[in-house]
There are 2 protein chains.
Amino acid sequence: MNVEKAWETLKEHSFKRTKNREAILEFLAERDGYTAAMDVGEFLKKDNPGVSFDTIYRNLTTFAELDILEETDLNGERQYRMHCDPGVHHHHFICTVCGKTKHIPSCPMDHIAVNLPGVEIQGHKFEVYGKCPQCQ
Amino acid sequence: MNVEKAWETLKEHSFKRTKNREAILEFLAERDGYTAAMDVGEFLKKDNPGVSFDTIYRNLTTFAELDILEETDLNGERQYRMHCDPGVHHHHFICTVCGKTKHIPSCPMDHIAVNLPGVEIQGHKFEVYGKCPQCQ
DNA sequence: CTATTAATAGTAATGATTACGATTCACTCC
DNA sequence: GGAGTGAATCGTAATCATTACTATTAATAG
């Protein structure tokens, strides 16, 4: 997912093109890992010191719902990144220092006999944590 | 892990036997899934209405450090459960309604070729979410 | 250009968790 | 069993991330 595609999706859903949204998308497009909502906000303040929490969280949530961003909870904070390859299921290694990610192409649900009679499976989470080469 | 073993561990580390700790352990021993820290606190208040946050969180954190409890973050809340089988690595299905868990004996790290050259792996998280038979 | 409606700013409220000084209590040693 | 000592707790305030709300601003359609 890139900025252009993101705007296509937004237009399809009649979302307006605003400076804040442009800044969020451009910022996250540059990064190749997860970024905390608050850190996205910090970046927005450079161009727009008065940006409000409402704006930051509302847009990030909207983008995640539209599959423009991926979302995860990392030690109590909500973190976002550009959606890798929409429609293709995948997982991530996440650097606990810088948030940078690496793709893990396979999924445990395909490899493990998760034998759960009677339960209704709704989702799953698989993340590998550690330090990337740059952060060691 | 049961209450008795927990007390052995606590004694080994010179922790004192208090009413609050007894209540936490007995409460969690009865449950077979994850419980939010706040809900543990609610239970403590039945016997001890004035129990403080400090007491609740400090003890839960201590117990988790001693591997008496297992800990996870579930939609922004810290959740705890008795440690299943200390020393034996495992994962869980977690009911999103009641928090009840089911064991998943295998681990994705054994089955998936996580090909991550240069990274230092520190940990991983694998959880399956859904509704247990009782909550459907 | 104007209307209309979404988007935002500014700020207050919430909810979970952490922090801390003063007090109480569990355990040790006599 | 009773005093002494440090751990544990209480009561409460502070913090941090997130949510909520109202008045104002601005993006797009016509």
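Protein chains get the first letters and strands the later ones, always in sequence-line order, with residue 1 at the start of each. Predicted, not measured: the structure shown is a model, and the values here were computed from it.
- Considering only heavy atoms from C-beta on, Phe126(A) stays 4.5 Å or farther from His92(A) through its side chain.
- Note on Arg58(B): a base of the nucleic acid sits closer than 4.0 angstrom, heavy atoms only.
- Atom P of nucleotide dA27(D) and atom NZ of Lys11(A) are separated by 13 Å, given to the nearest angstrom.
- Residue Ile56(A) contributes atom CD1, which lies 10 Å from atom P of dT18(D) at whole-angstrom precision.
- Among the protein residues, Ala36(B) comes within range of no part of the nucleic acid, since none of its heavy atoms lies under 4.0 Å from any strand.
- In terms of phosphate contacts, Tyr57(A) brings no side-chain nitrogen or oxygen within less than 4.0 Å of OP1 or OP2 of dT19(D).
- For Ser14(B) and Ser52(B), each mapped to the nucleotide of DNA chain D holding its nearest heavy atom, the one lying further toward the 5' end belongs to Ser14(B).
- Ring geometry for His90(A) versus His83(A): interplanar angle over 60°, hence perpendicular rather than tilted (30 to 60°).
- Considering only the side chain of Phe53(A), dA12(C) comes nearest among dA12(C), dT8(C), dA13(D).
- The nucleotide whose nearest atom lies closest to any side-chain atom of Lys16(A) is, among dA7(D), dA6(C), dT8(C), dA6(C).
- Thr18(A) comes within 4.0 angstrom of the backbone, heavy atoms only, and of no base.
- Each of Lys102(B), His124(B), Glu127(B), Lys125(B) was checked for a side-chain hydrogen bond (donor to acceptor under 3.5 Å, both in side chains) with His91(B), and the lone residue meeting it is His124(B).
- For dT8(C), neither phosphate oxygen OP1 nor OP2 lies less than 4.0 angstrom from any side-chain nitrogen or oxygen of Asn48(A).
- Remark: Glu30(B) CD is loosely packed, at most 12 non-hydrogen atoms of other residues, nucleotides or ligands lying under 6.0 Å away.
- Atom C1' of nucleotide dG15(C) and atom CG of Asn75(B) are separated by 13 Å, given to the nearest angstrom.
- Note: CZ (Arg21(A)) to P (dT28(D)) measures 10 Å, nearest angstrom.
- Remark: C1' of dT15(D) and CE of Met38(A) are 11 Å apart, rounded to the nearest angstrom.
- Distance CG (Asp54(B)) to P (dC20(C)): 10 Å, rounded to an integer number of Å.
- Per the geometry, CZ belonging to Arg17(A) stands 16 Å off C1' belonging to dA26(D), to the nearest Å.
- Positionally, the nearest nucleotide of DNA chain D for Pro49(B) lies more toward the 5' end than for the other of Pro49(B) and Arg78(A).
- Going from atom CD1 of Ile24(A) over to atom P of dT8(C) covers 8 Å, rounded to whole Å.
- Using a 3.5 Å distance cut-off with no hydrogens or angles, the side chains of Asn59(A) and Asn20(A) do not pair a donor with an acceptor.
- For dC10(D), one of the phosphate oxygens OP1 or OP2 lies less than 4.0 angstrom from a side-chain nitrogen or oxygen of Asn20(B).
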